[in-house]
Amino acid sequence: MLQVTFIRENFEKAAQGLEKRNIREAQSLLRQVVQLDDERKGIQLQRDQLQAEANSISKSIGQLMRSGNHAEAEKVKSRTAEIKQQTKELETAYSEKELELTQLLYTLPNIPHESVPTGKSAEDNETIFTHGNLPELSESEKLPHWELIKKYDIIDFELGVKISGAGFPVYKGKGARLQRALVNFFLDEAQKAGYMEIQPPILVNEDSGYGTGQLPDKEGQMYFATEDNLYLIPTAEVPITNIYRNEILQEDQLPIKNVGFTPCFRREAGSWGAHVRGLNRLHQFDKVEIVHISRPDKSYAALEEMSTYVQSLLKKLELPYRVLRLCGGDMGFTSALTYDMEVFSAAQERWLEVSSVSNFETYQANRLKLRFRDENKKTNLAHTLNGSALALPRIVAAILENNQHADGIKMPSVLIPYLGFEWIQ
RNA sequence: AGAGAGUUGGGUGAGUGGCUUAAACCAGCAGUUUGCUAAACUGUCGUACGUGUCAAAGCGUACCGGGGGUUCGAAUCCCCCACUCUCUACCA
């Protein structure tokens with residue numbers, strides 16, 4: 001969530017930022033924040049002073065008791081009743097005010113970076129880079145991936161329905177090998193690029209959900225194990241970033257670069273439609289995720305590094321792609337700047353999002369209490385960033401569609417050492 | 001899953017209702033001494049919010065696994081929860 005001190009010191013900038021996200025009444029919402037915080041401070045001052053008085057009375061009672069002056073002690077005691085009552089009231093008022101403030105802050109998204117274009121929807125996103133030529137398939141060799149996987153019997157949706165339900169495909173034979181090859185390729189590349197590999201839990205507790213911002217708003221998106229109060233992760237971002245929750249890092253530990261492979265689980269309630277056939281949207285899918293923890297002054301350089309890295313993967317896989325800078329209306333709630341990487345899927349003739357790389361600045365770190373100690377030994381909130389590198393299903397869809405021939409599908413050469421075969425036939 | 005024992009600062013670890021402002025030691029940091037290293041000595045050493053200030057120092061409040069309660073006063077007593085260890089059971 002946003003920091004109140006930031007809002008106080010950058011009121012106009014914050015208001016303009018929220019307006020870029022099409023939030024009406026941004027000024028008035030921010031004024032409310034400042035006012036609630038003022039009220040909170042006022043109550044805290046009264047409460048603390050009263051508490052100080054109570055503490056000193058208690059101490060004097062202790063001294064009287066020790067010196068055996070019980071009568072005097074009893075006398076002083078009687079005076080504490082009123083203070084106690086008042087303290088209790090102030091304590092309650094303080095908690096209420098703090099809760100009210102927090103709840104208001106939870107409703108405010110991150111302030112977009114100045115380079116974020118204004119806009120309402122995905123149509124207003126800015127294409128900043130395009131790479132590769134769009135493949136031209138003949139009409140006879142233009143099967144969408146949901147037909148190709150049947151033709152070659154490599155991914156089975158019906159079987160998934162039998163075992164689990166819609167959106168839980170079963171990967172078979174060369175389909176399963178392709179999954180494993182991609183995961184290993186992505187992890188090896190990340191290691192070469194200086195990332196430390198993490199294998200995190202894929203069930204997380206409530207605190208972790210709040211830390212990275214999935215809670216309180218998006219609990220409907222996560223599967224929940226009620227018996228144990230644990231959520232199935234929607235992305236490895238959650239467990240990996242929460243490693244650093246409530247930590248004060250030393251400056252020489254930064255930047256932190258982690259990579260993790262996990263399955264991801266999303267309920268996707270109510271988001272099914274014409275465009276989500278086949279591998280385009282699933283309840284369970286595999287993803288390799290990269291996470292950076294950075295000094296504030298280095299975080300945008302880190303974002304560019306991540307973007308370049310993700311693009312290098314797409315180039316090696318020989319997939320045509322484009323990079324979008326998301327507009328204010330399409331950007332995720334917690335992000336300050338997001339690049340989406342989309343690959344072209346030749347039979348569907350659509351761009352598919354395969355990675356989303358974001359800088360959250362201090363928005364997550366504030367909830368996470370993720371700080372670092374700077375050269376003056378002061379603690380500051382760190383910046384968190386993450387991105388997919390990469391999400392598998394749509395990559396698989398594009399590889400299958402773009403490389404299809406009449407007699408089989410040719411695998412990208414970079415994967416062949418991992419696969420042990422060149423063609424799916 | 002059952003029984004028992006635990007959870008105190010970066011680490012070890014004392015502390016069963018008020019001289020605890022959480023001892024002591026180790027590690028860390030700064031300094032003194034010193035051919036160098038080591039050692040010794042001195043000092044310092046938590047977080048958050050508030051207050052104060054140009055900034056700071058200082059001061060106040062809270063925090064001893066988390067939450068609630070008893071009390072004038074809680075690390076200490078009571079209740080709930082989480083986690084750790086040991087034994088038993090089970091299991092890959």
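All chains are named by letter (A, B, ...) in the order of the sequence lines, taking the proteins before the strands, and each is independently numbered beginning at 1.
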When all nucleic acid strands are considered with a 4.0 Å heavy-atom cut-off, which category describes Lys59(A): base, sugar-phosphate, or nothing?
nothing

Base, sugar-phosphate, or nothing for Thr80(A), non-hydrogen atoms under 4.0 angstrom?
sugar-phosphate

Residue-phosphate contact under 4.0 Å: Arg371(A) side-chain N/O, rU47(B) OP1/OP2:
no

Could you check how far CD of Glu375(A) sits from C1' of rC29(B), rounded to whole Å?
16 Å

Mind checking salt bridge (Lys or Arg N to Asp or Glu O under 4.0 Å) for Lys315(A) and listing every partner two or more places apart, or none if nothing turns up?
none

NZ of Lys97(A) versus P of rG50(B): gap in Å, rounded?
16 Å

Between Lys369(A) and Asn55(A), which residue's closest nucleotide on RNA chain B lies nearer the 5′ terminus?
Lys369(A)

Heavy atoms only, 4.0 Å cut-off, all strands: where does Leu45(A) land among base, sugar-phosphate and nothing?
sugar-phosphate

In whole angstrom, give me the gap between the C1' atoms of rU33(B) and rA27(B).
22 Å

Would you say a side-chain N or O of Arg373(A) is under 4.0 Å from OP1 or OP2 of rC45(B)?
no

Does the side chain of Gln51(A) get closer than 4.0 angstrom to OP1 or OP2 of rA62(B) through an N or O atom?
yes

Nearest-nucleotide comparison on RNA chain B, the residue closer to the 5′ end among Lys41(A) and Ile248(A)
Ile248(A)

Assign Ser60(A) to base, sugar-phosphate, or nothing according to its heavy-atom contacts below 4.0 angstrom with the strands shown.
nothing

With respect to the phosphate group of rG46(B), does any side-chain polar atom (N or O) of Thr379(A) fall under 4.0 Å of OP1 or OP2?
no

Between Glu206(A) (CD) and rC81(B) (P), how many Å, whole number?
17 Å

